[in-house]
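Notes for the one structure printed next.
Each chain gets a letter, A, B and so on, in the order its sequence line appears, and its residues count up from 1.
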Protein chains: 2
Amino acid sequence: MAVTLADVAARARVSAATVSRVLSGNYPVAESTRARVLRAVEDLEYVVNGPASALAAATSDLVGVLVNDIADPFFGIIAGAVQSEMGAPGGPAGSGASNGSGGSGGSGGEAVRGGEKLAVICNTGGSPERELNYLTLLQRQRAAAVVLTGGAVEHPDHAAAVAAKASRLAASGTRVVLCGRPPIEDAITLTFDNRGGARRLTEHLLTLGHRRIGYVAGPADRTTTRHRLEGHREALTAAGLAEGAEQLTVHGLYDRASGYDATLELLRRDAGLTAIVAANDTIALGVCAALRDQGLRIPEDVSVAGFDDLPFSADAVPALTTVRLPLHDAGVRAGRLALGREPQPPGGVAMVRAELMARASTAPPRH
Amino acid sequence: MAVTLADVAARARVSAATVSRVLSGNYPVAESTRARVLRAVEDLEYVVNGPASALAAATSDLVGVLVNDIADPFFGIIAGAVQSEMGAPGGPAGSGASNGSGGSGGSGGEAVRGGEKLAVICNTGGSPERELNYLTLLQRQRAAAVVLTGGAVEHPDHAAAVAAKASRLAASGTRVVLCGRPPIEDAITLTFDNRGGARRLTEHLLTLGHRRIGYVAGPADRTTTRHRLEGHREALTAAGLAEGAEQLTVHGLYDRASGYDATLELLRRDAGLTAIVAANDTIALGVCAALRDQGLRIPEDVSVAGFDDLPFSADAVPALTTVRLPLHDAGVRAGRLALGREPQPPGGVAMVRAELMARASTAPPRH
DNA sequence: CTGTTAGCGCATTCAA
DNA sequence: TTGAATGCGCTAACAG
């Protein structure tokens, strides 16, 4: 059906083995032979058969990136960064000067072969089942690496299942990298300093003079949610404000609508609060919208803060105070780790710093 | 290294062929045998070797989804919808009742095998090279289908190259589906009615009484950009307002910052305009921010409209007038088409309707 | 209903 | 430096 290695070999008048060697480039081949083979490849528009290659070599060039919500820029940025690392390593050889005499519609996508991996994004939608399912699918494909991004679901059974899958993947040669979730065995981990960042954020508010601070948290069973909330509470406790906290916390999803609704609920519980901290920037946007709809000004009446520092946060109106996570850098690093291009951090775990970005949406309380 | 079909066969005391049949489920097998095999599969934690399977069957279960910008919800929604269609068809058999006596960390991801495809998202970042590159990678993997989403780059060479690749993919059995871009040969296409939607949107503004309407367009070389702009101009021309149009159009990227900058530029060119149409909702957000920063109210001083009707548009402040594209539905349909679960539309091309959503951000001009 | 027999296309020994 | 031979793990005819 399609053109195979053998076809190329025949046209180039060499053996299939030689063609294979030229294409993988990891074996000495005479320059003249090499040129002849490359020409045949071009003429025939040969494209390697991935499955066959993977079967024979017992490795594939697939890299899976699992995300909780593909529609959320938080994940989009990380995933995009991971993918950006997948290109060919340095200046590749091959390809060559021969600009085909070409018929209509010359190929353009030259690289018949290269060091490139196929980084693919898998959207779990936050569903544990789908997460496991994708892991199985990737295991089936004998993926070269798997990158799990974002907070993990804390349900014990699920955590155990993921850990088990990760071990099995690692055992069969698939590199497992975690980006933004707590470490597990057999995986290289890039954790985010969610707790520390959250603590510093609330301390910032405290320093400004706020005492009644509402908190809009994410889904209760996610590590990210828990850590950020814990950081918030730490700061509150240190300031001797621990007791009211529970009352001023509302859980929701990591989206704008939840922030809107939660704000209404918070206002109902305590009309006198002077600040609201959101578990992420998207929620914070909803918080701002709700506040405005209630005729409250930001930050004059109520200060608002988010988390992540997504692109839109800096130029929101007013500019949002938040905690910056270097998502792009983290993604790049996760990609390198997945390819084995970067040495493992000591202990297999590295923490990504979170930086407070104090902007216009927070100010001293009115009173 | 890993456990193979043969291992399972040995343990279940049947032939490899039988195991294969049980797993693929497309062939009659005695119930008792079937149970025995399934048990062996569970005991051994066997997972099919995808590459080997793909090689033997000459088909893979990979489906590629190409997007221009993974951080943009427009693509996130479509891609997520495509993926949501990839699960098993109906109520699958198999799996069975045997709750393994199990050691620690029971699997949970039952499906050892199913009709499921692995839908993966590939982020081109709008780069023609990367688009072609991904297409090659997917061809190499012998993907079952490829879905190209969003506007296409109009550079002639690139268009030809993509068309050529699509033909080659189609020829080798990969189904090619286009979602949100103009049709090409050998592909099933779902086009969006960008032109019609844009026309109706501008007509809406015209009907309200606006005469000086600014337009913030996307990148000049994209089909989506061109079609939406053409629709806008059609409406203007029909109203005899064609001539000022060029002057009141600014191009930028499909992001918030571009909307912000473009608005400042438009205001500079004509401080008296009463409405601004943005090429999409994200841009519209930037437009609104810029307008506010200039002390202009929406819609009292200037009306604003977007395109796409992304989730945040309905609850923006004020609610954004826009054109609704059923992105989720389109993605679902593209997914079905990619799997061959839905019959091709006549001529291989279907148009997705665009619906005007008149909301609070547009009103009659002040005067 | 089940086992046997051949490859699928490529990477890699081992010789030459 | 190159070619010939072997097997990766699985599916798909064929028999039985």
Open item on the list: Whether the B:E131 and B:H158 side chains hold a donor-acceptor pair (N or O, under 3.5 Å, no angle test) is what I'd like checked.
Closed with: yes
Residue set satisfying side chain to side chain contact (heavy atoms under 4.5 Å, CB included) with B:A30, at least two apart, ordered chain then number -> B:S32, B:T33
Practice task
Determine the contact category for A:L5: base if any of its heavy atoms lies under 4.0 Å from a base atom, sugar-phosphate if only primed atoms, P, OP1 or OP2 are that close, otherwise nothing.
Solution key: sugar-phosphate
Ranking A:A57 and B:Y27 by the position along DNA chain C of their nearest nucleotide, the one closer to 5' is B:Y27
Shortest non-hydrogen pair, B:V82 vs B:G335, comes out as CG1-CA, 4.1 Å
Of the listed C:dC1, C:dG9, D:dT2, the closest approach to the A:A30 side chain comes from D:dT2
Whole-Å distance, A:D7 CG to C:dG9 P, equals 9 Å
Output for pair (A:D69 CG, A:S127 OG), nearest 0.5 Å, gives 12.5 Å
Atom CG of B:N26 and atom P of D:dT11 are separated, to the nearest Å, by 9 Å
Testing C:dT12, C:dG7, D:dC8 for proximity to the side chain of A:A56, the answer is D:dC8
note: A:E31, atom CD; D:dT2, atom C1'; distance rounded to Å ~ 15 Å
Rounded to whole Å, the CD-P distance (B:Q141 to C:dG9) equals 16 Å
For C:dG9, does OP1 or OP2 lie under 4.0 Å from any side-chain N or O of A:T4?
no
Distance col, row B:E45:CD vs A:R168:CZ, nearest 0.5 angstrom, shows 3.5 Å
Closest heavy-atom pair, A:L339 versus A:R175, reported as atoms and distance to 0.1 Å, is C-NH1, 3.5 Å
Atom CG of A:N49 and atom P of D:dC8 are separated, to the nearest Å, by 18 Å
Separation of C:dC10 atom C1' from B:R140 atom CZ, nearest Å, is 13 Å
CG (B:L5) and OG (B:S15) are apart, to the nearest 0.5 Å, by 9.5 Å
Only one of A:N68, A:I121, A:I70 passes side chain to side chain contact (heavy atoms under 4.5 Å, CB included) with A:F75, and that residue is A:N68
Looking at A:R130 and A:N123, would you say the former's side chain and the latter's main chain have a donor-acceptor pair under 3.5 Å?
yes
Got a list of protein N/O to nucleotides 3-6 of chain C N/O distances below 3.5 Å?
| from | atom 1 | to | atom 2 | distance (Å) |
| --- | --- | --- | --- | --- |
| C:dG3 | OP2 | B:S15 | N | 3.0 |
| C:dG3 | OP2 | B:S15 | OG | 3.2 |
| C:dG3 | OP2 | B:T18 | OG1 | 2.8 |
| C:dG3 | N7 | B:R21 | NH2 | 2.7 |
| C:dG3 | O6 | B:R21 | NH1 | 3.2 |
| C:dG3 | O6 | B:R21 | NH2 | 3.4 |

Double-helix bend of the helix from C:dC1-D:dG16 to C:dA16-D:dT1, axes at both ends from 5 pairs, round to 10°, gives 30°
Rounded to whole Å, CG of B:L55 lies from P of C:dC10 at a distance of 9 Å
From OH of A:Y46 across to P of C:dG9 the rounded distance in Å is 10 Å
